[in-house]
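These numbers come from a predicted model, not from an experiment. In each ligand, atom 1 is the first atom listed, and ligand 1 is the first ligand listed. Residues take their numbers from the sequence shown, with the count starting at 1.
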Amino acid sequence: MAVCPVYTTQSLNSTCSISTPSKTHFSSHHNHLVFYRTSKRTSKRGGSSSCVITCSAGDSQTVVIGLAADSGCGKSTFMRRLTSVFGGAAEPPKGGNPDSNTLISDMTTVICLDDYHSLDRTGRKEKGVTALDPRANDFDLMYEQVKALKSGIAVDKPIYNHVSGLLDPPELIKPPKILVIEGLHPMFDERVRDLLDFSIYLDISNEVKFAWKIQRDMAERGHSLESIKASIEARKPDFDAFIDPQKQYADAVIEVLPTQLIPDDNEGKVLRVRLIMKEGVEHFSPVYLFDEGSTVSWIPCGRKLTCSYPGIKFSYGPDTYFGHEVSVLEMDGQFDRLDELIYVESHLSNLSTKFYGEVTQQMLKHADFPGSNNGTGLFQTIVGLKIRDLYEQITASKTAAPLQATKA
Ligand SMILES: Nc1ncnc2c1ncn2[C@@H]1O[C@H](COP(=O)(O)OP(=O)(O)OP(=O)(O)O)[C@@H](O)[C@H]1O
Ligand SMILES: O=C(CO)[C@H](O)[C@H](O)COP(=O)(O)O
């Protein structure tokens, strides 16, 4: 049972504060403990009347974040940046299945939604469906388990073993402070979507996806160019039907496109990255460049930022995305010297940093991660900081919400 801060006065609004504790009542309501206390208050105007304080025991509830993207689009890299913002290393469950897809740190548990594949590799082959097809996934179980974790109940989550292609015996997942569900379908099922406190979609254009796949699967996994092309082509119809449409529901989208700074570039090394941030999302205020709401184009290269060809261009402004009002921050190009990023950081606002230069510090800490010299790393870091801020706001509001002061 969570401790209810009935005696806390700091969260009360400015016109009401508790002077003398008096009678406390409590009752149970929809699985929440609700405390009522009546006390005398001294108003700013000097009068005296009573306050009613209600308090729900949801204080320890898990905050749930959804991260959607196709395979090989940078989810793991993003997760490493996110968990680093909260401090502590993320590791697979101790003493568990060595092929577990789960990563646990002090504050976060990242579960991979591949674990909700209902068909194993052979099963998908027999039925002629890809892992992206909803028929190969158990959304009922996904919903039940995310809901349970969100309400503080541990679950036995299945494991999809990427080494064997089989469904392994389940692993115990305890409710963390922050649960990240990452994978192909975090926003596909409406019931699961409604459980998310914040959602992100990594939207990697086909050209860039192809370049990254070649880099990883050819260089690191020994696949041939033809097989990589064939695998991308085979997934495309289901990707378009079931994965891509989820971006309309995301609170933040990181869109990765080929550069516009090099005419007809087809190397896919220099990237144009757009951070699309939905307006009006609770506990999330979009980052802005120079002046909130205006349209800005900025070339920061010069005395304070070293840029080699083709340079760097930032843009910022309002837009609409699937009918939603959004703010878009864009970076085209790449940094030569990461330590000079502080110059760019000092022109961005609403970053939710805890100290001046925190974005630059995080980027320098993980300079070896893919994308650290461009907008992918920068925007993933910024979204990580926004998630920390969102978590802190939700936790603070849960501590404060119980205290609803009403004039008698
Ligand atoms: N920002 C980036 N810039 C350049 N390359 C990147 C970037 N992010 C990822 N990559 C490339 O894509 C590969 C896959 O990245 P990562 O493992 O983070 O993706 P993933 O979505 O978790 O993949 P999977 O679901 O297949 O495990 C990396 O090894 C790297 O080659
Ligand atoms: O799209 C994917 C998500 O990561 C995988 O292809 C899916 O999980 C199937 O995995 P495997 O290819 O290891 O059988």
Side-chain angles (χ1 to χ4, degrees), residues 67-83 90 99 101-103 110-127 129-134 136-138 158-168 180-186 188 200-205 207-221 223 227-228 230-232 234-236 238-239 242-244 254-259 267-275 331 333-335 363 366-381 383:
L67 173 68
D70 197 2
S71 149
C73 285
K75 295 185 298 291
S76 314
T77 311
F78 186 9
M79 282 305 107
R80 288 196 289 161
R81 288 191 198 277
L82 174 68
T83 43
D99 296 326
N101 301 306
T102 303
L103 285 173
V110 180
I111 61 173
C112 175
L113 297 179
D114 295 351
D115 288 333
Y116 293 97
H117 289 337
S118 50
L119 297 174
D120 63 12
R121 206 174 281 156
T122 313
R124 292 196 300 271
K125 213 168 174 187
E126 280 169 4
K127 291 227 159 53
V129 293
T130 70
L132 299 92
D133 192 312
N137 294 280
D138 188 344
I159 299 176
Y160 176 72
N161 189 322
H162 280 279
V163 179
S164 64
L166 298 170
L167 297 163
D168 282 354
V180 184
I181 57 169
E182 63 96 351
L184 298 169
H185 304 100
F188 181 83
I200 307 128
Y201 185 89
L202 299 183
D203 188 6
I204 315 297
S205 66
E207 301 94 317
V208 177
K209 203 189 277 188
F210 187 53
W212 288 2
K213 273 260 178 204
I214 289 176
Q215 188 185 317
R216 181 179 73 170
D217 294 354
M218 250 175 107
E220 298 166 25
R221 300 187 179 176
H223 298 188
S227 73
I228 297 168
S231 128
I232 292 182
R235 291 170 73 94
K236 193 151 185 334
D238 282 354
F239 174 79
F242 309 119
I243 312 303
D244 197 56
I254 299 180
E255 201 174 81
V256 185
L257 304 149
T259 182
E267 249 195 291
K269 284 213 173 112
V270 182
L271 302 174
R272 177 164 76 103
V273 188
R274 287 158 53 86
L275 174 58
M331 175 184 164
Q334 52 194 33
F335 300 111
M363 290 282 283
H366 302 300
D368 56 329
F369 285 9
S372 288
N373 66 344
N374 62 37
T376 59
L378 176 63
F379 294 160
Q380 287 177 4
T381 303
V383 173

Below 4.0 angstrom from a heavy atom of Ala131, which ligand 2 atoms are there? Numbered from 1 as shown, please. 7 (C), 9 (C)
Shortest non-hydrogen separation from Val129 to Asp133 and the atoms involved: CG1-OD2, 3.8 Å
Among non-hydrogen protein atoms, atom 25 (O) of ligand 1 lies closest to Lys75 NZ, 3.1 Å
Report, in ascending order of atom number, the atoms of ligand 1 lying under 4.0 Å from any heavy atom of Cys73. 19 (O), 20 (P), 21 (O)
Around atom 14 (O) of ligand 2, find the nearest protein heavy atom and jot down its residue, atom name and distance. Tyr160 OH, 2.6 Å
For the CD1 atom of Ile200 and the NZ atom of Lys75, what is their distance to the nearest 0.5 Å? 12.5 Å
With distance as the sole criterion, is a donor-acceptor pair present between the side chains of Ser118 and Arg124 under 3.5 Å? no
Does any N/O atom on Gly72 come nearer than 3.5 Å to any N/O atom on ligand 1? yes
Quick test: of every protein heavy atom, which one is nearest to atom 6 (O) of ligand 2, and how far off is it to 0.1 Å? Arg235 NH1, 3.1 Å
Closest non-hydrogen protein atom to atom 13 (C) of ligand 1, residue and atom name please, with distance? Arg216 CD, 3.8 Å
Close side-chain approach of Pro158 and Leu167, heavy atoms under 4.5 Å: no
Can you tell me the protein heavy atom closest to atom 31 (O) of ligand 1 and the distance? Gln215 NE2, 3.3 Å
Taking all non-hydrogen atoms of both residues, which atom of Thr130 and which atom of Ala136 are closest, and how far apart? O-CB, 3.6 Å
In ligand 1, the atoms that come under 4.0 Å of a heavy atom of Gly371 are 1 (N), 2 (C), 3 (N)
Side chain, backbone, both or neither: which part of Leu184 comes within less than 4.0 Å of ligand 2 when only heavy atoms are counted? side chain
Which value, rounded to the nearest 0.5 Å, describes the distance between Leu119 atom CG and Lys125 atom NZ? 14.5 Å
If the cut-off is 4.0 Å to any non-hydrogen atom of Thr376, which atoms of ligand 1 fall inside it? 1 (N), 2 (C)
Any nitrogen or oxygen of Asn374, side chain or backbone, less than 3.5 Å from one on ligand 1? no
For atom 22 (O) of ligand 1, what is the nearest protein heavy atom, given as residue, atom name and distance? Ser76 OG, 2.4 Å
Please tell me if the side chains of Phe239 and Lys209 come closer than 4.5 Å, counting only heavy atoms from C-beta onward. yes
What residue and atom, counting heavy atoms only, is the protein's closest point to atom 13 (O) of ligand 2, and at what distance? His162 ND1, 2.8 Å
With heavy atoms only and a cut-off of under 4.0 Å, state how Thr77 meets ligand 1: side chain, backbone, both or neither. both
Looking at side-chain heavy atoms only, is the closest gap between Glu182 and Leu113 below 4.5 Å? no
Between Val383 and Phe78, is there a side-chain heavy-atom distance shorter than 4.5 Å? yes
Top protein contact for atom 19 (O) of ligand 1, by heavy-atom distance: Gly74 N, 3.0 Å
Where ligand 2 meets Ser71 - atom numbers and elements under 4.0 angstrom, heavy-atom basis: 1 (O), 2 (C), 4 (O)
Write out the residue and atom name of the closest protein heavy atom to atom 9 (C) of ligand 2, then the distance separating them to 0.1 Å. Arg124 NH2, 3.3 Å
Measure across His185 and Leu132 and return the closest heavy-atom pair with its distance rounded to 0.1 Å. NE2-O, 2.8 Å
Return the minimal non-hydrogen interatomic distance between Asp99 and Ile159, and the atom names on each side. O-CG2, 4.2 Å
Shortest non-hydrogen separation from Ser205 to Leu257 and the atoms involved: OG-CA, 3.8 Å
Looking at atom 8 (O) of ligand 2, what's its closest protein heavy atom, distance included? His117 NE2, 2.7 Å
If you count the atoms of ligand 2 from 1 in the order shown, which ones are under 4.0 Å from a heavy atom of Asp114? 3 (C), 4 (O), 8 (O)
Does the Lys NZ or Arg CZ of Arg80 fall within the cation-pi geometry relative to Phe369 - under 6.0 Å from the ring centre and within 45° of the axis? yes
For atom 2 (C) of ligand 1, what's the nearest protein heavy-atom neighbour? Residue, atom name and distance, please. Trp212 CZ2, 3.2 Å
Can an N or O of Gln380 be found at a distance shorter than 3.5 Å from an N or O of ligand 1? no
